[in-house]
Amino acid sequence: MTVERPQQRATKRADVRALPAWRNPGLHDAERVALLLAEMTLEEKIAQLYGVWVGAEVDGSGVAPHQHEMAGDSDIDALTAHGLGQLTRSFGTRPVDPALGSLALARAQHHLISSTRLGIPAVAHEECLAGFTAHGATVYPVPLSWGATFDPALVREAATAIGTDLRAVGVHQGLAPVLDVARDLRWGRVEETIGEDPYLVGTIGAAYVRGLQSTGVIATLKHFAGYSASRGGRNLAPVHVGPRELADVLLPPFEMAVRDAGVRSVMHAYTTLDGVPSAADPHLLTTLLREDWHFDGTVVADYFGVAFLQRLHGIAESLGHAAHLALAAGVDVELPTGHCYARPLLTEVEEGRVPEALVDRAVTRVLLQKCSLGLLDDTYDPVPERLAALLSDSDAHLHGPTAPDAVEGGFDLDSAENRDLARRLAEQAVILLANPPAADGRPALPLTGIGSIAVLGPLADDQAALLGCYSFPAHVGQQHPDVPAGIPLPTVLQAVRQEFPTATVGWEQGCPMPRHGGRPPADRDDTGHREADRALDAAKALAADSDLCVVVVGDEAGLFGRGTSGEGCDAPDLSLPGDQAALVDAALDTATPVVLVVTSGRPYALGRWADRLSAVVQAFFPGEEGARAIAGVLSGRINPSGRLPVSVPRLPGGQPWTYLQPPLGLANDTSSLDPTPLFPFGHGLSYTGFAWEDAHCSEAVTTTDGRISAEVTIRNTGSRSGTEVVQLYLHDPLATVSQPVRRLIGYTRVDLAPGQARRVVFDVHTDVFSYTGSTRTRVVEPGDVELHLGASSSLIHHRLRLRVKGALRTVGHDRVMTCPALVH
């Protein structure tokens, strides 16, 4: 797949013959790059292999691990004298008006074009995990909420909007999506994952890639590979997984995005995999990625990841040696700066320790990508169309002194269309976990006729309850507390008051959120204890005097210990952070019905209150429209359709655990510990009911290279419109290698009016039955399997038996990986 070229506005120069042939877009990309490579000096080649992060902070408050140690020691002029590979996060480092940021970026590109011998622009990259990480840009729900929607089409639509905004300001590459499969829910970056199932992660992630790249922006898969399986759920801790877990759980999402979505960039993981750092693993980055999967894009370093080979992993004796290891393994571009690939690599090549052929290999990949982006064309203009329009409307010029005044405030990165997408994503991602009937036989939700509502919790009136770690306000804004968020961010409390205008809505904090980590301070003095007790007593009193109590608990995202969720914010267990559990206890001690709302980056253990809560609603950092979505579910304006992308545990211990367990990984009499979750993967309730009828396979027998359909009719049995999420699982009762009792192989959303029925037909190729067998090759075995159709991994409505005949079949990387569904 070739990334589509941007439109060019500049007039083609009159005498093409006076230009280098590699400037001619009429030639094949490979031919152009070969001609350019032949003209380049060693210094010019190496300059294409690293980025420059002009805005890096040096005071210890950075946005990347060890940034304070790594930044501030680079000579920018020297690094760009011969050209530059990438410009790092012009928008995502500190608050900047988007139009002024676009102007500065265009000026930087113009400088590279005009002041270097070859005049090659840089690739500009930014983070875009929860939307474009820029001040004033739309904050979408985090990837864990993407997974909760079970809606690849909607995620693709959102990614297209994000890519459109990136492209409009001059950005070429987005550092998303994260395709790590959640393995240990204590890990701080669970919020960045799409869930605990590789099929869900792969299909949703591939949809994001397609959307982003449809705009001409390169998507970047993170973090290749194994990062989420770190020991103890600790960020950057070593990864020790077996070859089958790697092959059958951790790698398939990346393979889907490479093979099926044509992703153009991959970022290596920080971690070691069985002792080998991913940045120095040629088997991973070259043999598997390029030779087996036929990936032909660029591999970029996670920030400072090449230098970490020396400074953290201890496998390189110098920065030059680290550069050699990474380059030989297949890392093409060092990000965010050139600590290893600039002067240290140049010295290694000049002194004969690194073959120049390795440099040529990486430079060729970089230049091919720049060629596909139009950056090598003679007509390339570094000024994006939207910026050019602002300048031309005022008669200002790119480098003119009036240009900043002419463009400031001219870009809207939080348009009505964006907010509508953020709203739809948030509404489909909110999950109704529990809603049991009360004594009168009616469930608590949706709320009707409520006179007074007590809203409790430190997150109820806090914008941070809605924002993931990689949203701009959380990722960067925390370091600039005096700068407004730049976007409307109603809190849950404000949204509840708006949703229930005739009710009396009161709020008490009840307890504070812990500022660092998840535990309350152990050395609280008497004054602190008295203040905490008074806050709790006030919350309890408000709850007792109200008709209903809504307790809002969960996380506040941050970086490296400055939050309860997010990068470097790992949890010792899955207890609610701080004193929030005591607040829930206090509310339940009253006679008032309690609805628990969890806004978090990971699931928390809720079994302590399972039989006492009137209802439970879960939202995983739902973004700027998330509070309204939550309030809409409470009122019934929105019929919830979100489903759990990760299991919600009953107890706070027992990690790591996911639903992908063989029989001995489930509850049994060989252990006193029962890992059964309180709410399983795929679970979610609705305000209407559904019947599952007439399920069958098109054939009772197929072959190891066969195809059948699995069908079921879904009927809305209630009085209001609703959406059921139909999930198809594989159960393989007898295999040469112990298999999960059940694993997802297909799913689809089905929208139904009251009384309406629709037929769902899954196209099932037996390739999806394959797994890594006893010889460590992927095989489809003959034998009996079952296809399970259900509303969650535990709620199975139909079991369809299927006999697979034929010889044991080895399948490769050309296998069918998905079961598409048609809804009639």
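Looking only at distances, a side-chain donor or acceptor of Asn668 sits under 3.5 Å from a matching main-chain atom of Thr670.
Between the side chains of Asp180 and Thr193, not a single donor N or O lies within less than 3.5 Å of an accepting N or O. Between the side chains of Arg742 and His788, a donor-acceptor pair is found at a separation under 3.5 Å. Between the side chains of Trp609 and Asp585, at least one donor N or O lies within less than 3.5 Å of an accepting N or O. Judged purely by distance below 3.5 Å, without hydrogens or angles, the side chains of Tyr659 and Gln661 never pair a donor atom with an acceptor atom.
A distance of 10.0 Å separates CZ in Arg424 from OH in Tyr140, rounded to the nearest 0.5 Å.
Of the charged side-chain nitrogens involved, none lies within less than 4.0 Å of a carboxylate oxygen, so that Glu508 and Arg534 do not count as a salt-bridged pair.
Classification of the Phe681-Phe150 ring pair by plane angle, with boundaries at 30° and 60°, yields tilted. Between Trp187 and Tyr227, the two ring planes are perpendicular [angle over 60°; tilted spans 30° to 60°].
Partner of Ser600 under the side chain to side chain donor-acceptor pair (under 3.5 Å) criterion, chosen from Glu191, Gln618, Glu556: Gln618. Checked options Arg759, Glu693, Arg758; the residue passing with Thr713 is Arg759 (criterion: side chain to side chain donor-acceptor pair (under 3.5 Å)).
Around the CZ atom of Arg801, the shell of radius 6.0 Å holds no more than 12 heavy atoms that belong to other residues, nucleotides or ligands.
Residues Phe620 and Trp146 place their aromatic rings such that the two centres sit no closer than 6.0 Å.
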